[in-house]
Amino acid sequence: MERYLLNVLHSSLHIKQFKQIHGLIVTNYPALTPFFVQGLLRLSIIVYARQVFDRIPQPSKILYNSLISTYSKLSLYKEALDAFVLMHDSGARVVCSTIPPVMKSCTSLLAGELANEIHSLVVKYGFSSDVFVQTPLMDFYAKIGDIDSAKKVFDEIFVKDPICYNCLISGYSKSGDVVAAQQLFDEMSERTVVSWNSMISCYANNGHYREGLRMFERMQVERFRPNEISVATVLSICAKLRDLEMGLRVKKFIDENNLCINMIVSTALLEMYVKCGAVDDARQEFEHMDRRDVVAWSAMIAGYAQNGRPSEALELFERMKSKQIKPNDVALVSVLSACSQLGSLEAGERIGNYVESQGFVFNVYVASALLDMYSKCGNISKARQIFNHMPQKDVVSWNSMIVGLAANGFAKEAINLFEKMKEIRVKPNDITFVGILTACTHAGLLELGLRIFRSMKSDHEITPTIEHYACVVDLFCRSGKLKDAHEFICRMEVEPNVVIWGTLLSASRIHSNLELAEFSVKKLLELEPENSGNYILLSNIYASAGRWEESLTVRNLMTTNRVQKTSAYSWIEMDNKVHKFLVGDTSHPGSNDVYRIVDGLAMQSTWVGYNFESALEFSWCS
DNA sequence: TTAGGGTTAG
């Protein structure tokens with residue numbers, strides 16, 4: 001009977017059959033209990049196995065090993081480590097085969113202290129020559145970025161297999177030492193597909209995208225068949241390079257070589273489309289996927305948010321929830337960004353409540369996106385509250401708050417925050433300076449703005465970009481210092497663009513500086529000869545100065561250059577229908593009502609002191 | 001042992 005039971009326990013039983021046998025073992029064959037537990041563990045029936053395991057007075061080291069490795073196999077790393085501690089405390093001797101699943105668990109949980117203790121045990125028990133023990137140990141050091149320790153373990157391994165090399169290559173990759181990784185790769189006498197993939201991702205993760213692509217090509221030249229992981233990595237390189245052509249070549253390669261398009265490859269393809277701006281192709285890929293996890297959903301939602309299509313991001317987010325996929329931090333960040341773009345406080349608040357109730361506010365990405373949403377949707381005090389309660393803040397959190405305050409008219413507070421940021425040694429970046437210079441512009445703080453601008457290079461080692469120069473030009477212009485603005489433009493280290501000349505032009509018109517207006521609009525004409533607006537502006541400038549002939553010449557120039565005047569219109573979307581506002585058009589059936597309301601608004605605005613001037617020639621057409 | 005998604009400006 002005992003022999004029969006042992007045989008049965010080796011087969012694939014249903015849990016019901018286990019329960020029947022359990023009864024038999026408890027009453028008649030208690031000595032078979034460990035074998036019973038082994039049978040359960042073999043089939044990963046872990047909870048039941050653990051219940052029975054806990055009733056065994058002194059489990060053997062073999063049984064402990066099985067328990068630990070099953071936990072590790074099921075990714076229950078914490079349970080694996082707890083079981084290991086229990087084993088160690090019970091006095092059961094740790095054997096060689098205990099170490100790999102325990103180290104794997106330490107790596108996954110980044111349990112450094114325990115890992116160090118295990119390393120000592122490995123030395124104490126003399127397991128140091130065992131490649132199966134050393135590899136996961138080295139992998140641990142590699143993954144936490146302690147490349148020196150990883151290398152030390154690597155050097156101690158007597159007979160090194162490709163896995164050892166691969167582990168250390170990814171260690172070098174993580175610590176950014178591309179040269180050492182490549183050297184190690186070159187030293188290998190026998191490479192596997194993992195070695196190639198590790199090298200490709202080493203280049204990809206360290207910004208050497210072209211090198212990564214070259215590695216992929218070299219791999220094929222040397223007759224190594226790329227697998228799904230290779231192509232997913234290469235697709236992510238194409239995404240980072242925004243190289244749609246290369247991405248499509250990789251897709252063709254996948255099809256021609258019958259590589260399996262699993263979820264990760266599909267998501268990588270989707271991401272490649274998104275980053276290249278081909279959002280509709282991404283959506284098509286998304287719709288073709290037979291299985292979609294939260295990463296696939298998040299990638300598509302982010303795709304819409306990043307490409308200025310926030311309504312679709314929001315729509316997809318709702319669809320994801322209706323499919324019972326629980327949103328995670330990444331999905332929330334993207335959908336919050338979509339709400340910011342829409343200025344939709346209602347949707348934003350709904351998601352904000354969810355974020356707070358589920359504890360996502362402790363995630364620095366989510367909290368930054370949340371505070372940005374509140375500030376863009378007009379609830380600046382809620383934005384402040386989120387910011388003040390953040391347990392950790394990164395440069396993006398600070399930037400979001402500074403930009404939010406500046407945009408909401410709290411320029412001085414934004415500047416104070418910038419000072420505080422520097423005080424606690426958070427390194428400002430280029431975006432910080434765009435935000436802070438805008439704040440100075442709004443508050444009319446010319447001297448301070450200039451001082452901060454000059455400090456960019458001298459104190460913060462940030463080279464100003466065209467955006468920063470544009471901020472300073474705006475700063476001069478809004479203070480009425482047009483001449484200074486012009487001189488500044490002439491001294492700039494970058495070529496002025498249309499934003500810069502446009503800023504000077506509009507200020508010149510406000511301050512009736514004909515000379516500068518003429519100068520800047522001519523520059524605009526040089527930069528964009530196809531823009532009809534520039535011709536009209538110049539023509540109007542001459543006309544208003546009574547220089548009729550020149551005015552006419554510009555109009556004629558427009559004809560010779562075949563520039564057509566395009567009508568500028570504004571539009572709103574209501575009930576899925578787009579309504580356009582165009583100057584001088586009364587064709588819309590509701591245009592009488594529209595005018596009535598616009599007139600009413602104009603009157604109210606005049607009462608509160610706004611000078612409406614001639615801004616009311618809008619009518620409505622659909 | 002290798003692989004996928006995120007926030008800030010203009």
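Just so it is clear, the values below take in all heavy atoms, side chains as well, and ignore hydrogens, waters and symmetry mates. Numbers restart at 1 for each chain; the letters A, B, ... are given by sequence-line order, proteins then strands.
Contact annotation for A:Ser400: backbone-only contact, meaning every heavy-atom pair under 4.0 Å involves sugar-phosphate atoms and none involves a base. Contacts of A:Val403 with the nucleic acid, taken as non-hydrogen atoms under 4.0 Å apart, involve only primed sugar atoms and P, OP1 or OP2. A:Asp161 comes within 4.0 angstrom of no nucleic acid atom, judged by non-hydrogen atoms across all strands. Among the protein residues, A:Gln306 comes within range of the sugar-phosphate backbone only, with heavy atoms under 4.0 Å from sugar or phosphate atoms but none that close to a base. In this structure, A:Glu467 reaches the bases: a heavy-atom distance under 4.0 Å links it to at least one base atom across the strands shown. At a threshold of 4.0 angstrom between heavy atoms, the contacts of A:Val499 with the nucleic acid are absent. Among the atoms of the strands shown, none is found under 4.0 Å from any heavy atom of A:Ala268. Residue A:Lys143 is in sugar-phosphate contact alone, with no base atom involved, counting any heavy-atom pair closer than 4.0 Å across all strands shown. Across all strands shown, A:Met263 has heavy atoms under 4.0 Å from base atoms, whether or not it also approaches the sugar-phosphate.
Scored by the side chain to side chain contact (heavy atoms under 4.5 Å, CB included) test, A:Glu528 finds A:Val498, A:Leu524, A:Glu530, A:Asn531, A:Asn534 as partners (sequence neighbours excluded). In this structure A:His468 satisfies the side chain to side chain contact (heavy atoms under 4.5 Å, CB included) test together with A:Asp430, A:Phe433, A:Val434, A:Leu437, A:Phe453, A:Met456, A:Pro464, A:Thr465, sequence neighbours excluded. In this structure A:Asp177 satisfies the side chain to side chain contact (heavy atoms under 4.5 Å, CB included) test together with A:Tyr172, A:Ser175, A:Val179, A:Ala180, sequence neighbours excluded. Partners of A:Arg454 under the side chain to side chain contact (heavy atoms under 4.5 Å, CB included) rule, at least two apart in sequence or in another chain, are A:Leu450.
Near DNA chain B, defined here as any heavy-atom distance below 4.0 Å, the residues from residues 353-387 of chain A are A:Asn363, A:Tyr365, A:Val366, A:Ser368, A:Asp372, A:Lys376, listed numerically. In the region residues 314-328 of chain A, proximity to DNA chain B at under 4.0 angstrom, judged on heavy atoms, holds for A:Asn328. Annotation: proximity of residues 167-184 of chain A to DNA chain B (heavy atom, distance under 4.0 Å) is found for A:Cys167, numbered in ascending order.
Counting non-hydrogen atoms of other residues, nucleotides and ligands closer than 6.0 Å to CD of A:Glu419 gives a total above 12. Environment of CD in A:Glu287: crowded, with over 12 heavy atoms of neighbouring residues, nucleotides or ligands closer than 6.0 Å.
Nucleotides of DNA chain B lying under 4.0 Å from heavy atoms of chain A occupy a range whose first and last members, 5' to 3', are B:dT1 to B:dG10.
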Side chains of residues 349-356 of chain A: which donor-acceptor pairs under 3.5 Å do they make with residues two or more places apart or in other chains?
| residue | atom | partner | partner atom | Å |
| --- | --- | --- | --- | --- |
| A:Arg350 | NH2 | A:Glu318 | OE2 | 3.4 |
| A:Asn353 | ND2 | A:Glu349 | O | 3.4 |
| A:Glu356 | OE2 | A:Lys382 | NZ | 3.1 |

Cut-off 3.5 Å, no hydrogens considered: what does the side-chain donor-acceptor table look like for residues 135-146 of chain A, sequence neighbours left out?
| residue | atom | partner | partner atom | Å |
| --- | --- | --- | --- | --- |
| A:Thr135 | OG1 | A:Val131 | O | 2.6 |
| A:Asp139 | OD1 | A:Lys143 | NZ | 3.2 |
| A:Asp139 | OD2 | A:Lys143 | NZ | 3.0 |
| A:Tyr141 | OH | A:His119 | ND1 | 2.7 |
| A:Asp146 | OD1 | A:Ser149 | N | 3.2 |
| A:Asp146 | OD1 | A:Ser149 | OG | 3.1 |
| A:Asp146 | OD2 | A:Ser149 | OG | 2.6 |

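Of the residues A:Ser337, A:Ser340, A:Ser400, the one that meets the side chain to side chain donor-acceptor pair (under 3.5 Å) test with A:Asp372 is A:Ser340. Among A:Trp297, A:Tyr304, A:Tyr273, the one residue that satisfies the ring-ring contact (aromatic ring centres under 6.0 Å, His included) test with A:Phe286 is A:Trp297.
The stretch residues 384-394 of chain A participates, sequence neighbours left out, in these salt bridge (Lys or Arg N to Asp or Glu O under 4.0 Å) pairs: A:Arg384-A:Glu413. Screening residues 180-196 of chain A for salt bridge (Lys or Arg N to Asp or Glu O under 4.0 Å), with sequence neighbours left out, gives A:Arg191-A:Glu222.
Contact detail for A:Phe387 and A:Ser397: the closest heavy-atom pair is CE1-O, 3.7 Å.
Relative to the ring axis of A:Tyr165, A:Lys160 does not place its NZ or CZ within 45° and under 6.0 Å from the centre.
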